Amino acid sequence: MLPMPVLPLLAWLLPLCGALGSRVAIWPWWIGFAICLGGALCSLWLLLRLPWHPRRAVALLGALPLVLPAWFLVKALQAHPINDVSTDPLDPPTLRWASQARSAADLPINPAPLKFFPDNPAPLYTRTNRSQVLAEARGLMTELGWQHSVSGQGLEAVVVSPWFGFRDDVALRLFEGPKELRIDMRSASRQGRSDLGANRARIQDFLTRLHGRLAKAQGTTSEP
């Protein structure tokens, strides 16, 4: 059995090594998850043995990393079991770039219609012209650190998560109506059957920020 002072160290190092190793592609994400699980078990053991531990402060410090998997578990229980979200689930934007970039180890692209729930994100409507919307959307994607390119429907992008380095595919579609421009967005995970609400949150955050940028740009252009 490992000496007790070693367990708090492992409880911190294993999650860091598991996640960073997956991010820099030393091993696949599922191995990184397994390594993180080992760290969580170390933390759980320390927590269960806390009342009898001779150095309770050290044991408590080693149990702290257990907060992260507990948070993920709560998110998983609260989130809808989906990994592909769009403002137009019946006719979502096409992921053409993703169809070329995804490997055999990634999930296949879901066909339409997509699953959706009552809290599904809504499209954005604007009277701003298409070229200005594209410019603001590209600027926002660059600001967020997304790799993006122009497509026939609008824009496509790849988003890399900060922790495990998961890659998600994003598509932005612009449709010009008689009076307004409709902006639809799609965000789809390459790994995992549930995204823990990440795709929905990404769409809502992006469209909220884009709305603010468009309003600011319109205010600037309308000034004398």
Side-chain angles (χ1 to χ4, degrees), residues 79-80 82-103 106-163 165-192 195-224:
H80 300 303
I82 55 175
N83 56 19
D84 193 347
V85 180
S86 175
T87 54
D88 186 0
L90 298 180
D91 183 24
T94 306
L95 296 172
R96 292 188 177 88
W97 194 8
S99 64
Q100 301 172 1
R102 292 197 180 193
S103 67
D106 297 325
L107 293 173
I109 296 175
N110 295 315
L114 304 178
K115 293 181 181 178
F116 65 96
F117 295 86
D119 58 354
N120 200 72
L124 177 64
Y125 293 90
T126 179
R127 293 183 181 273
T128 310
N129 64 71
R130 180 185 177 91
S131 60
Q132 190 170 4
V133 171
L134 274 176
E136 292 296 336
R138 292 186 71 181
L140 180 54
M141 287 183 178
T142 301
E143 181 182 302
L144 294 172
W146 298 0
Q147 182 184 0
H148 61 274
S149 66
V150 179
S151 66
Q153 62 184 349
L155 294 170
E156 292 192 52
V158 176
V159 184
V160 181
S161 67
W163 190 234
F166 289 129
R167 293 179 179 272
D168 297 338
D169 298 299
V170 172
L172 195 74
R173 182 178 66 198
L174 308 182
F175 176 77
E176 294 184 77
K179 296 182 179 180
E180 292 180 308
L181 184 74
R182 171 170 169 157
I183 305 172
D184 280 297
M185 191 170 179
R186 180 179 183 179
S187 182
S189 304
R190 293 189 187 183
Q191 293 91 19
D195 61 11
L196 305 181
N199 288 309
R200 174 179 172 272
R202 177 181 295 122
I203 291 175
Q204 290 180 322
D205 178 69
F206 185 88
L207 293 182
T208 298
R209 293 191 186 203
L210 181 59
H211 176 72
R213 291 175 69 111
L214 293 175
K216 184 177 180 180
Q218 284 182 320
T220 303
T221 55
S222 62
E223 291 179 359

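Bear in mind that the values here come from a model prediction, so they are computed numbers and not experimental data. Scope of the values below: all heavy atoms of this structure, side chains included, with no hydrogens, waters or symmetry mates. Along the sequence shown, residues carry numbers from 1.
Between R130 and E176 the shortest side-chain heavy-atom distance falls below 4.5 Å. Looking only at side-chain heavy atoms (C-beta outward), F175 and I183 stay at 4.5 Å or farther from each other. The closest side-chain heavy-atom distance from R209 to D205 is below 4.5 Å. Within the 4.5 Å cutoff, the side chain of R186 has heavy atoms near those of the D84 side chain. Counting heavy atoms from C-beta on, the side chains of T128 and L181 never come closer than 4.5 Å. Residues R190 and V158 have side chains in contact (heavy-atom distance under 4.5 Å, counting atoms from C-beta outward). With contacts defined as side-chain heavy-atom distances shorter than 4.5 Å, the pair V170/W146 qualifies. Using a 4.5 Å heavy-atom cutoff, the side chains of L172 and F206 are in contact.
Shortest non-hydrogen contact noted between P108 and R102 is O-NH1, 3.7 Å. Closest non-hydrogen pair, S131 versus N129, comes out as OG-OD1, 2.7 Å. Of all non-hydrogen atoms in L95 and A171, the two that sit nearest each other are CD2-CB, 3.7 Å. Counting all heavy atoms, side chain and backbone alike, N120 lies closest to P89 at ND2-CD, 3.9 Å. Taking all atoms of both residues into account, the shortest heavy-atom contact from S151 to E156 is CB-OE2, 3.8 Å. Scanning all heavy atoms of the two residues, the minimum distance from P123 to D184 falls at CB-OD1, 3.4 Å.
At most 12 heavy atoms of other shown residues, nucleotides or ligands fall within 6.0 angstrom of atom CZ in R138. In F166, the CZ atom is crowded: over 12 heavy atoms of neighbouring residues, nucleotides or ligands sit closer than 6.0 Å.
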Item to check | Residues R213, E143; criterion salt bridge (Lys or Arg N to Asp or Glu O under 4.0 Å); working and verdict | outcome: CA-CA 12 Å; R213 291 175 69 111; E143 181 182 302; 3.1 Å; yes
Checklist entry - Going through the checks in order, is the side-chain contact (heavy atoms from CB on, under 4.5 Å) test met by E180 and T126? => result CA-CA 6 Å; E180 292 180 308; T126 179; over 6 Å; no
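The side chain to side chain donor-acceptor pair (under 3.5 Å) pairs that include a residue from residues 91-100 number zero, where partners must be two or more places apart or lie in different chains.
In terms of modelled atom types and a separation under 3.5 Å, the side chain of R200 and the main chain of P121 share no donor-acceptor contact. In this structure, N83 contributes its side chain and G192 its backbone to a donor-acceptor pair below 3.5 Å.
There is no side-chain donor-acceptor pair under 3.5 Å between D168 and S187. Judged by distance alone, the side chains of S103 and D106 do bring a donor and an acceptor atom under 3.5 Å apart. With hydrogens and angles left out, the side-chain atoms of D88 and S86 include no donor and acceptor closer than 3.5 Å. Under the 3.5 Å distance criterion, with hydrogens and angles disregarded, no donor-acceptor pair is assigned to the side chains of D195 and H80.
Annotation: the span from F116 atom CZ to I82 atom CD1 amounts to 10.5 Å, rounded to 0.5 Å. To the nearest 0.5 Å, atom CG of residue N199 and atom OG of residue S189 are 4.0 Å apart. One distance of note links CG of L124 with NE2 of H211; it measures 7.0 Å at 0.5 Å rounding. In this structure, M185 CE and L174 CG are separated by 11.5 Å, a value rounded to the nearest 0.5 Å. Here the CG atom belonging to L214 is positioned 14.0 Å from the CZ atom belonging to R127, to the nearest 0.5 angstrom.
Using a 4.0 Å cut-off between charged nitrogen and carboxylate oxygen, R167 and D169 do not count as a salt-bridge pair.
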